[in-house]
Amino acid sequence: YQKFLSGKVAVAENHGFDIEAADLHPWLRPHAAALTHWAIKKGRAGIFASYGLHKTSIQLEVGAVISGQIWNAVEQSRAPATKRFLIVAPLGVRQEFRRDADSLNLTITFIKKTADVGGPGVYVTNYESARDEKIDMALFEGVSLDEAARLRGFGGTKTFRSLMAAFEGTKYRFVATATPSPNEYIELLAYAAF
């Protein structure tokens with residue numbers, strides 16, 4: 001009977017890839033490095049960490065690795081980017097991303113429209129630009145939604161519908177929030193759907 005039950009357990013597939021611990025920037029705290037490693041291996045994951053547990057740096061490092069900017073401990077530098085990664089965040093947290101990117105020796109670019117997108121690297125935009133389809137999301141290999149509670153409403157909001165459609169074909173997808181409501185199953189379903 002136990003074998004029968006074990007066979008019914010749903011296990012999330014890995015859609016990402018494995019990396020070595022040395023490929024992550026040493027500035028990351030141990031828990032942030034562990035979460036980053038796990039998220040990259042999963043390829044599609046929710047980063048549910050309370051305020052102050054470095055969601056910003058985790059998302060930036062995930063974006064750096066997926067874009068090809070692996071940390072080289074010997075040279076104390078990053079490899080050049082080969083792909084694009086987008087972080088969608090509330091406008092008010094731009095300075096947090098800039099500060100953590102500096103600590104991670106990572107260059108990020110803030111964009112509002114497709115014309116702002118250049119070569120490979122990590123980009124950050126706001127929810128309005130993403131929701132209103134000002135950016136061609138097909139240009140990005142991966143995406144992370146910061147403060148992902150914007151997905152609340154599970155189909156009932158323009159933001160949810162727009163983001164689901166825009167990133168449907170995106171290979172790597174992440175959500176990050178400090179407030180995944182454990183008693184609000186619809187919200188958790190929205191994160192899982194993304």
Side-chain angles (χ1 to χ4, degrees), residues 10-16 24-25 27-67 85-101 103-104 106 108 110-111 122-132 135 137 140-168 170-194:
V11 178
E13 296 178 29
N14 290 336
H15 296 276
L24 299 177
H25 196 282
W27 183 78
L28 290 171
R29 301 268 165 69
H31 73 278
L35 277 170
T36 302
H37 184 270
W38 170 82
I40 291 167
K41 187 172 185 172
K42 289 315 260 178
R44 298 177 185 167
I47 300 164
F48 302 148
S50 293
Y51 177 77
L53 291 179
H54 299 265
K55 284 181 301 302
T56 302
S57 59
I58 292 167
Q59 291 176 87
L60 286 166
E61 190 68 9
V62 165
V65 171
I66 288 175
S67 70
F85 187 89
L86 180 66
I87 298 171
V88 181
L91 193 56
V93 299
R94 282 177 64 163
Q95 295 311 318
E96 290 176 42
F97 277 93
R98 192 172 307 282
R99 180 197 65 224
D100 282 8
S103 297
L104 291 166
L106 180 65
I108 58 175
F110 290 96
I111 60 173
V122 178
Y123 292 85
V124 180
T125 192
N126 61 37
Y127 273 94
E128 292 73 21
S129 294
R131 181 195 63 216
D132 297 340
I135 301 167
M137 301 308 175
F140 299 93
E141 185 79 9
V143 62
S144 184
L145 303 181
D146 185 54
E147 301 298 338
R150 300 276 179 115
L151 291 177
R152 286 182 181 153
F154 197 60
T157 66
K158 179 181 178 183
T159 300
F160 178 86
R161 290 189 307 272
S162 295
L163 294 176
M164 290 298 289
F167 295 112
E168 183 178 13
T170 305
K171 185 172 184 176
Y172 303 108
R173 297 188 297 263
F174 306 92
V175 294
T177 182
T179 58
S181 180
N183 297 318
E184 187 60 52
Y185 300 114
I186 298 298
E187 183 178 342
L188 293 174
L189 285 172
Y191 298 145
F194 184 80

If the plane angle is over 60° it's perpendicular, under 30° parallel, otherwise tilted; pick one for Phe167 and Phe194.
perpendicular
Under a 4.5 Å cut-off applied to non-hydrogen side-chain atoms, are Val93 and Asp146 in contact?
yes
So, does His31 use its side chain to make a donor-acceptor pair with the main chain of Leu53 at under 3.5 Å?
yes
Would you check if the side chain of Arg173 reaches a backbone N or O of Leu145 as a donor-acceptor pair within less than 3.5 Å?
no
Using a 4.5 Å cut-off on heavy atoms from C-beta on, say whether the side chain of Tyr127 contacts that of Leu91.
no
Minimal non-hydrogen separation, Leu60 against Ala101, with atom names:
CD1-N, 3.5 Å
Between OG1 on residue Thr170 and CZ on residue Phe85, distance to nearest 0.5 Å
10.0 Å
Kindly compute the distance separating CD1 (Ile47) from OG1 (Thr36), expressed to the nearest 0.5 Å.
7.0 Å
How far does CD1 of Ile87 sit from OG1 of Thr125, to the nearest 0.5 angstrom?
11.0 Å
Closest non-hydrogen atom pair, Ala49 against Lys55
O-NZ, 2.9 Å
Less than 3.5 Å apart, any donor N or O on the side chain of Gln59 or Ser144 sitting next to an acceptor on the other?
yes
Spacing of CG belonging to Leu106 relative to CH2 belonging to Trp27, to within rounding of 0.5 Å
11.5 Å
Side chains of Tyr172 and Ile40 in contact at under 4.5 Å (non-hydrogen atoms):
no
Verify the neighbour count for atom NZ of Lys42: are there more than 12 heavy atoms of other residues, nucleotides or ligands below 6.0 Å?
yes
CG (Asn126) and CZ (Phe110) are apart, to the nearest 0.5 Å, by 10.5 Å
With side chains defined as the heavy atoms from C-beta onward, is the minimum distance between Phe174 and Ile66 less than 4.5 Å?
yes
Side-chain (Glu61) to main-chain (Leu104) donor-acceptor, under 3.5 angstrom
no
Using the six-membered ring wherever Trp is involved, compare the ring planes of Tyr123 and Phe140 and label them parallel, tilted or perpendicular (cut-offs 30° and 60°).
perpendicular
Show the nearest heavy-atom pair for residues Asp100 and Ser57, with the distance to one decimal.
OD2-N, 3.4 Å
To check you understand the geometry: which heavy-atom pair defines the closest contact between Val88 and Ala130, and what is its length?
CG1-CB, 4.0 Å
Check whether any side-chain heavy atom of Leu28 lies under 4.5 Å from a side-chain heavy atom of His54, and answer yes or no.
no
Euclidean distance, Ile58 CD1 relative to Arg29 CZ, rounded to 0.5 Å:
11.0 Å
